[in-house]
There are 2 protein chains.
Amino acid sequence: MSLQHILLGIIAEPKSGYDIKQEFDSSLKHFWFAELSQIYPALKKLVADDLARVEGVPSDKGPDKKLYSRTDAGTQALIDWLHTGPATSPVRHGFLGQVFFMGTQKDREAALKFFKELKAHYQARYAALQAVEAGWKAQCPTYPDGLGDDDFFMQMTLDAGLRFQRSYMDWCTNSIDRIKSRYHD
Amino acid sequence: MSLQHILLGIIAEPKSGYDIKQEFDSSLKHFWFAELSQIYPALKKLVADDLARVEGVPSDKGPDKKLYSRTDAGTQALIDWLHTGPATSPVRHGFLGQVFFMGTQKDREAALKFFKELKAHYQARYAALQAVEAGWKAQCPTYPDGLGDDDFFMQMTLDAGLRFQRSYMDWCTNSIDRIKSRYHD
DNA sequence: CCGAGCATGTAAGCTGTTACATGATTAG
DNA sequence: CTAATCATGTAACAGCTTACATGCTCGG
């Protein structure tokens, strides 16, 4: 049920489905993502529920853009969501399932390779978030606490992303060391 | 697609759907979970694919138990999964979406309340994992590196869980401090 | 006797993914 | 001319949740 609410958050300024997809793929992807085929019907439903309105405007390229913006009822629905308490649905980590059963296979080199790949994956994500942070720093010399009220909370999610990736990387590093000292020394 | 593989991992020893549900709810829930209504059909499919076999045995209470165990093909399918590389499907964090748009609402006390609730949530999860760890420590005096080969990897997922919860808690603590010093000082 | 735990499942519905379908403009 | 980007969607399918359905046994 969260996609509807996140879309409400995004359309504080008028945006098209295509615009929203690009935001997911750039700045929002560390905590949410969605395919266009999911975004378009979701936006339609917001309009049907009177939480958003549409306006068609001609585009430079391609067909008309449909710009969605939230209604007062939409803003209220968003605020209500913020008051329902933290949305902490349990998470499925496939890679932890793999580690849990890693002992089934006796090839310790494969285990090392697994953790090295995982570490590389999180390093890449970490670097991407650092690049986003560098952009913010360049725009605001008093980053992070000199940010405006809206940006202050948005930066907190970036901070969370950076912390979580570091935590994954640290676990990988430590696991690699433990496997090495158990089987190679 | 991971549930099938995780079930294959679990049925190294013969287990019923009901048994498996209990394992998810106790020791496995920090990285995976599933409902009985999802587990039963999934086990049937493993049998249809010749990755598992069933044996009905009478139960003390209630109807016969159906004990599932994996075939050689099932063991191979599990090992193949371990060799496909880390299963790192991107994760959706509803609570980060809420923080991202927290600025929509001007009530700073509500923001503090939100983070305090979130912190309490992760503290509870952390305490649960610490209890699991205490059980392991009681059973094995040389915990964690004196564990057997299978347990060694299983403990790694517990270590991951503890690290990740700590990371969430630290972020909450830090965010609470930042909100306080921004709006209350 | 009643509720909790044991033990099995089916069905409807929601969410999300992958594949398919269309068509304009612009850069190479 | 061709590929990429812009811009909209639909349809089929897979995965997961919630609700429903059945029946036994044991403790209070």
Spacing of B/Leu36 atom CG relative to C/dG5 atom P, expressed in whole Å
14 Å
Of all residues at least two apart in sequence or in a different chain, which pass the side-chain hydrogen bond (donor to acceptor under 3.5 Å, both in side chains) check with A/Asp50?
none
Does any pair with a residue in residues 63-94 of chain A pass ring-ring contact (aromatic ring centres under 6.0 Å, His included), and if so which ones, sequence neighbours excluded?
A/His5-A/Trp81, A/His93-A/Phe95
For A/Arg178, what residues pass the side-chain contact (heavy atoms from CB on, under 4.5 Å) criterion, not counting sequence neighbours?
A/Asn174, B/Pro144, B/Asp145, B/Phe152, B/Gln155, B/Met156, B/Asp159
Partners meeting salt bridge (charged side-chain N to carboxylate O under 4.0 Å, His left out) with A/Asp19 (sequence neighbours left out)
A/Lys65
Let's see if you get this right: which residues in residues 39-48 of chain B place a heavy atom under 4.0 Å from DNA chain C?
B/Tyr40, B/Lys44
In whole Å, what is the span from the CG atom of B/Asp64 to the C1' atom of C/dG9?
14 Å
With A/Lys45, which residues qualify under side-chain hydrogen bond (donor to acceptor under 3.5 Å, both in side chains), at least two apart?
A/Asp49
Identify, with sequence neighbours excluded, every residue that meets side-chain hydrogen bond (donor to acceptor under 3.5 Å, both in side chains) alongside B/Glu109.
B/His184
Is the distance between the ring centroids of A/Tyr168 and B/Phe164 under 6.0 Å?
yes
If you take any heavy atom closer than 4.0 Å to DNA chain C, which residues from residues 9-25 of chain B end up in contact?
B/Ser16, B/Gly17, B/Tyr18, B/Gln22
Sort and list the pairs that fulfil side-chain hydrogen bond (donor to acceptor under 3.5 Å, both in side chains) and have at least one residue in residues 131-142 of chain A, not counting sequence neighbours.
A/Glu133-A/Tyr143
Would you please name every residue forming a side-chain hydrogen bond (donor to acceptor under 3.5 Å, both in side chains) with B/Arg125, sequence neighbours left out?
none
Quick one: list whatever passes side-chain contact (heavy atoms from CB on, under 4.5 Å) with A/Ser37, sequence neighbours left out.
A/Glu35
Treating primed atoms plus P, OP1 and OP2 as sugar-phosphate and everything else as base, which nucleotides of nucleotides 16-22 of chain C get B, S or - for protein heavy atoms under 4.0 Å?
SBBB---
